[in-house]
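One structure is given below, encoded as structure tokens.
Side-chain atoms are counted along with the backbone in the values below, which use heavy atoms only and exclude waters and symmetry mates. For clarity, every value in this text was computed on a predicted model and none was experimentally measured.
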Amino acid sequence: MRLVLVGPPGAGKGTQAQYIASNLSIPKISTGDIFRANVSGGTELGKLAKTYMDRGDLVPDQVTIAMVRDRLSEDDAQDGFLLDGFPRNVPQAEILKKMLADWGQGLDLVLELVVDDDEVVRRLAGRRTCSQCGRIWHVEFDDKQDDRCDACDGTLFQRDDDKEETVRHRLEVYQEQTAPLISYYADEGTLVGVDATGPVEEVTQRAMDAIRPFLG
Ligand SMILES: [Zn+2]
């Protein structure tokens, strides 16, 4: 099973990526992990990427693509993989398609975690971080009414990233960048949406139910 996982910030994509990949016994390949592995392993691509990151610049597409190509060429990815964080846009999707076609492969499925904006805001804007131990509490899900950490009695605060305004902005940016990618995969006939609201295990179950018909 070769699949790509997409979803907005706050959809629980990282967690689902892990569970789904482990259920399918395929490697979870995230661009974050690939970057870290290349940089810490001191590969040529890692060194190149680091020169951009050290300057505070974005790593160019070509470098990211080369890293993805290297990673997908490894033995453990030959019978399938779950990609998380790549492709990010239509040009990258086309390159991925060509890359796989060159190897006689193709994507089986693109799974989109679907959560509405208000739910993402509810999840993220309710988070409070402990200024002392860094633990995260949720005003609603942890029924956190005071501003003290239950673990260490430190003061809780709301990170800028979690402020409603910031969350809504991140969602807008996501929609803008990802909408064309979603419609590209819808046209290709490989897109399946999964309702990502509710408990983590239920979402994984729904995802597995959606994947099952595509298993060879
Ligand atoms: Zn604390």
Side-chain angles (χ1 to χ4, degrees), residues 1-39 41 43 45-46 49 59-115 174-175 177-196 200-216:
M1 164 70 45
R2 295 180 179 88
L3 83 112
V4 167
L5 188 65
V6 291
K13 189 155 65 78
T15 309
Q16 291 304 331
Q18 218 158 339
Y19 287 146
I20 296 167
S22 114
N23 273 330
L24 294 170
S25 305
I26 53 176
K28 171 187 89 85
I29 299 179
S30 82
T31 36
D33 292 343
I34 300 181
F35 270 106
R36 277 185 291 276
N38 275 277
V39 171
T43 67
L45 287 169
V59 176
D61 254 19
Q62 282 152 302
V63 178
T64 308
I65 290 160
M67 284 183 184
V68 170
R69 181 188 299 272
D70 280 359
R71 180 62 189 87
L72 292 182
S73 314
E74 285 176 32
D75 284 347
D76 68 336
Q78 294 320 298
D79 294 326
F81 53 76
L82 182 152
L83 265 178
D84 169 16
F86 187 92
R88 272 201 191 290
N89 49 45
V90 173
Q92 286 186 353
E94 280 176 341
I95 287 164
L96 176 65
K97 186 181 178 179
K98 171 139 199 330
M99 193 189 294
L100 293 174
D102 286 346
W103 297 332
Q105 302 173 354
L107 278 183
D108 296 300
L109 185 61
V110 176
L111 204 66
E112 181 194 11
L113 297 179
V114 181
V115 197
Y174 170 80
Q175 301 298 355
Q177 291 178 340
T178 316
L181 186 66
I182 301 284
S183 45
Y184 170 86
Y185 282 128
D187 290 346
E188 295 262 300
T190 40
L191 184 74
V192 174
V194 169
D195 174 12
V200 170
E201 317 79 66
E202 281 178 25
V203 177
T204 309
Q205 201 47 58
R206 261 177 241 140
M208 293 309 297
D209 290 344
I211 291 166
R212 208 155 288 125
F214 294 86
L215 288 169

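Atom OG1 of T64 is separated from atom CZ of F35 by 3.5 Å, given to the nearest 0.5 angstrom. Expressed to the nearest 0.5 Å, how far CG of D84 lies from CG of L5 amounts to 6.0 Å. Interatomic distance, CD of Q16 versus CE of M208, reported as 10.5 Å (0.5 Å rounding). A distance of 10.5 Å separates CE of M1 from CZ of F81, quoted to the nearest 0.5 Å. Atoms CG and CD1, on L83 and I34 in that order, are 7.0 Å from each other to the nearest 0.5 Å. Note: L100 CG to R2 CZ = 7.0 Å, rounded to the nearest 0.5 Å.
When side chains are defined from C-beta on, I211 does not count as touching N23, because their heavy atoms never get closer than 4.5 Å. In this structure, L111 and I20 have side chains that are in contact, with non-hydrogen atoms separated by less than 4.5 Å. In this structure the side chain of Y185 reaches within 4.5 angstrom of the side chain of L107, judged on heavy atoms. Looking at L24 and L3, their side chains come closer than 4.5 Å, going by heavy atoms from C-beta outward.
Considering only residues two or more places apart in sequence or on other chains, D70 meets the salt bridge (charged side-chain N to carboxylate O under 4.0 Å, His left out) condition with none of them. Scanning for salt bridge (charged side-chain N to carboxylate O under 4.0 Å, His left out) contacts around R71 gives E74, D76, with sequence neighbours left out. Not counting sequence neighbours, the partners of P91 by the side chain to side chain contact (heavy atoms under 4.5 Å, CB included) test are N89.
Between Q205 and R212, the closest heavy-atom pair is NE2-NH2, 4.2 Å. Residues L181 and A93 approach most closely at CD1-CB, 3.7 Å, considering heavy atoms. Contact record, R69 with W103: O-CH2, 3.7 Å, taken as the closest heavy-atom pair. Nearest approach of G80 to P27, heavy atoms of both residues: O-CD, 3.3 Å. The minimum heavy-atom distance between A196 and V115, with the atom names listed, is CB-CG2, 3.6 Å. Heavy-atom minimum distance, A210 versus V192: CB-CG1, 3.8 Å.
Each of I95, L96, V6, I65 was evaluated against P87; a single residue qualifies, L96, per the side-chain contact (heavy atoms from CB on, under 4.5 Å) test.
Between the D33 side chain and the I29 main chain, no donor and acceptor come within less than 3.5 Å of each other. Checking side-chain atoms of Q105 against main-chain N and O of D79 turns up no donor-acceptor pair under 3.5 Å. Proximity of a side-chain donor or acceptor of R206 to a complementary backbone N or O of D195 within less than 3.5 Å is detected. Side-chain atoms of Q78 come within 3.5 Å of backbone N or O of L72 as a donor-acceptor pair.
Ion pairing between a basic and an acidic side chain is recognised when a charged N comes within 4.0 Å of a carboxylate O; R88 and D61 show no such pairing. Using a 4.0 Å cut-off between a side-chain N of Lys or Arg and a carboxylate O of Asp or Glu, K98 and E94 do not qualify as a salt bridge.
No more than 12 heavy-atom neighbours from other residues, nucleotides or ligands sit within 6.0 angstrom of CG on D75. Annotation for Y174: atom OH counts as buried by contact number, over 12 foreign heavy atoms lying within 6.0 Å.
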